[in-house]
Number of protein chains: 2
Amino acid sequence: MRKTNRKLAALYDAALAPHGINIAQFALLRNIERRQPVSLTELARLLELDRSTMGRNIRVLQKQDLVLTSRGTDQREAAVSLTERGMTVLRAAEPAWEGSQDAITARIGADRIRILQELNQLL
Amino acid sequence: MRKTNRKLAALYDAALAPHGINIAQFALLRNIERRQPVSLTELARLLELDRSTMGRNIRVLQKQDLVLTSRGTDQREAAVSLTERGMTVLRAAEPAWEGSQDAITARIGADRIRILQELNQLL
DNA sequence: GCCAGATACGGGCATATGCCCGCAATGAGC
DNA sequence: GCTCATTGCGGGCATATGCCCGTATCTGGC
């Protein structure tokens, strides 16, 4: 599973590289878009990551001017949103992501993809 | 896949924690045992990892006195072998690993496990 | 035997990931 | 209103991962 995950990530990363992001960042940007403005804790819950990991990942996106964070009503919360550039990059990267998705589906079969999705539910 | 991989790794890591190693290190130790003495490049090939990553992972095991490296016939090569302690820890950790393996198989089904193994071949 | 290209490593740079600890803001109970 | 447990973050520590570049060693063709 670890091997496969690395290979799969490498495939997506190669396809997304021209857009300056990797698969982890792509997934993160999509989640931000859906929920913005959203807190770090909420994003961490959505992607099932440690909160501190999420904080650092967001910082990288911020450095690239893809997201911005401000304080929420709750002064503790960091409210994360896409910047205009973030939205542009996300839109531009989507075809590359879909292309990889299709290529991988063709290679391993839609039924196996479905099983991978089930797997995550079971754990 | 990335989510599932993290969850799965966490399960194994928890089971292996009492032995002071994680799932990546466990897999690495097993491969070293099978091929020792073995070069970094060969190990990297076996586990499909970047060679520099392998070098660093080995260094961690070395720091814990689980493996030792010496120069091979080819003076460039690092010949990696298990230390006695490495062997002991590997043997001690195996039941924990098998326990996780069984628990996970029970949870997600042997057929899905088999599909995961096929997946790696296809990529 | 000598040199050029190939091969094995190590180190630097960047990201990803988790755990723990401490700080600040919130909110519930009195 | 005030105290204290809860919640949201950031920073420190450690590992994992990949890419690129430089150095050392080897090897094949001459």
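Computed from a predicted structure; not experimentally measured. We name chains A, B, ... by the order of the sequence lines, and we start the count at 1 in each one.
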Quiz item: A/D50 near the nucleic acid: base, sugar-phosphate alone, or nothing, with a heavy-atom cut-off under 4.0 Å?
Solution: base

Exercise. Using a cut-off of strictly less than 4.0 Å, decide whether B/R51 has a side-chain nitrogen or oxygen near OP1 or OP2 of D/dC19.
Key: no

Practice problem: Please list, by residue number, the residues of residues 20-41 of chain A whose heavy atoms come closer than 4.0 Å to an atom of DNA chain D; answer none if no residue qualifies. | Solution: A/S39, A/L40, A/T41

Quiz item: Could you give the CD1-to-P distance, from A/I58 to D/dG11, as a whole number of Å?
Solution: 15 Å

Quiz item: Taking atom C1' of C/dG10 as reference, at what distance in whole Å does atom CE of B/M54 sit?
Solution: 15 Å

Quiz item: Whole-Å distance between D/dC9 P and A/Q75 CD?
Solution: 12 Å

Quiz prompt | Any A/K63 side-chain nitrogen or oxygen under 4.0 Å from OP1 or OP2 of C/dA14 | solution = no

Quiz item: Under 3.5 Å, is there an N or O donor on one side and an acceptor on the other linking the side chain of B/R56 and the base of D/dG18?
Solution: yes

Quiz item: Is there a donor-acceptor pair closer than 3.5 Å between any side-chain N or O of A/R112 and the backbone N or O of A/I108?
Solution: yes

Quiz item: Over how many whole Å does the gap from A/D13 atom CG to C/dA16 atom C1' extend?
Solution: 11 Å

Quiz item: CZ of A/R2 versus P of D/dA16: gap in Å, rounded?
Solution: 8 Å

Practice problem: Choose from C/dA25, D/dG18, C/dT15 the nucleotide whose nearest atom is closest to any side-chain atom of B/S52. | Solution: D/dG18

Quiz item: Donor-acceptor pair, B/Q62 side chain versus B/L68 backbone, under 3.5 Å?
Solution: no

Self-check item: Under-4.0 Å side-chain N/O to phosphate OP1/OP2 contact, B/R6 with C/dG18
Solution: yes

Quiz item: Rounded to whole angstrom units, what separation is found between the CG atom of B/L8 and the P atom of C/dT17?
Solution: 15 Å

Quiz prompt | Side-chain donor/acceptor of B/D13 to backbone N/O of B/N22, under 3.5 Å | solution = no

Quiz item: Is any side-chain N of the basic residue among A/E33 and A/R91 closer than 4.0 Å to the acidic one's carboxylate O?
Solution: yes

Quiz item: Donor-acceptor pair, B/T83 side chain versus B/L66 backbone, under 3.5 Å?
Solution: yes

Self-check item: Whether A/N120 side chain and A/L116 backbone form a donor-acceptor pair below 3.5 Å
Solution: no

Practice problem: Indicate whether OP1 or OP2 belonging to D/dT15 is found under 4.0 Å from a side-chain N or O atom of B/N57. | Solution: no

Quiz prompt | A/R59 vs D/dG11: side-chain N/O to OP1/OP2 distance below 4.0 Å | solution = yes

Quiz prompt | Atom-to-atom span, CG of A/L47 to C1' of C/dT17 - whole angstrom | solution = 13 Å

Quiz item: Over how many whole Å does the gap from A/D74 atom CG to D/dT6 atom C1' extend?
Solution: 11 Å

Quiz item: Can you find a donor-acceptor pair, distance only, under 3.5 Å between B/R76 side chain and C/dG10 base?
Solution: no

Quiz prompt | Cationic N near anionic O, under 4.0 Å, A/E48 to B/R2 | solution = no

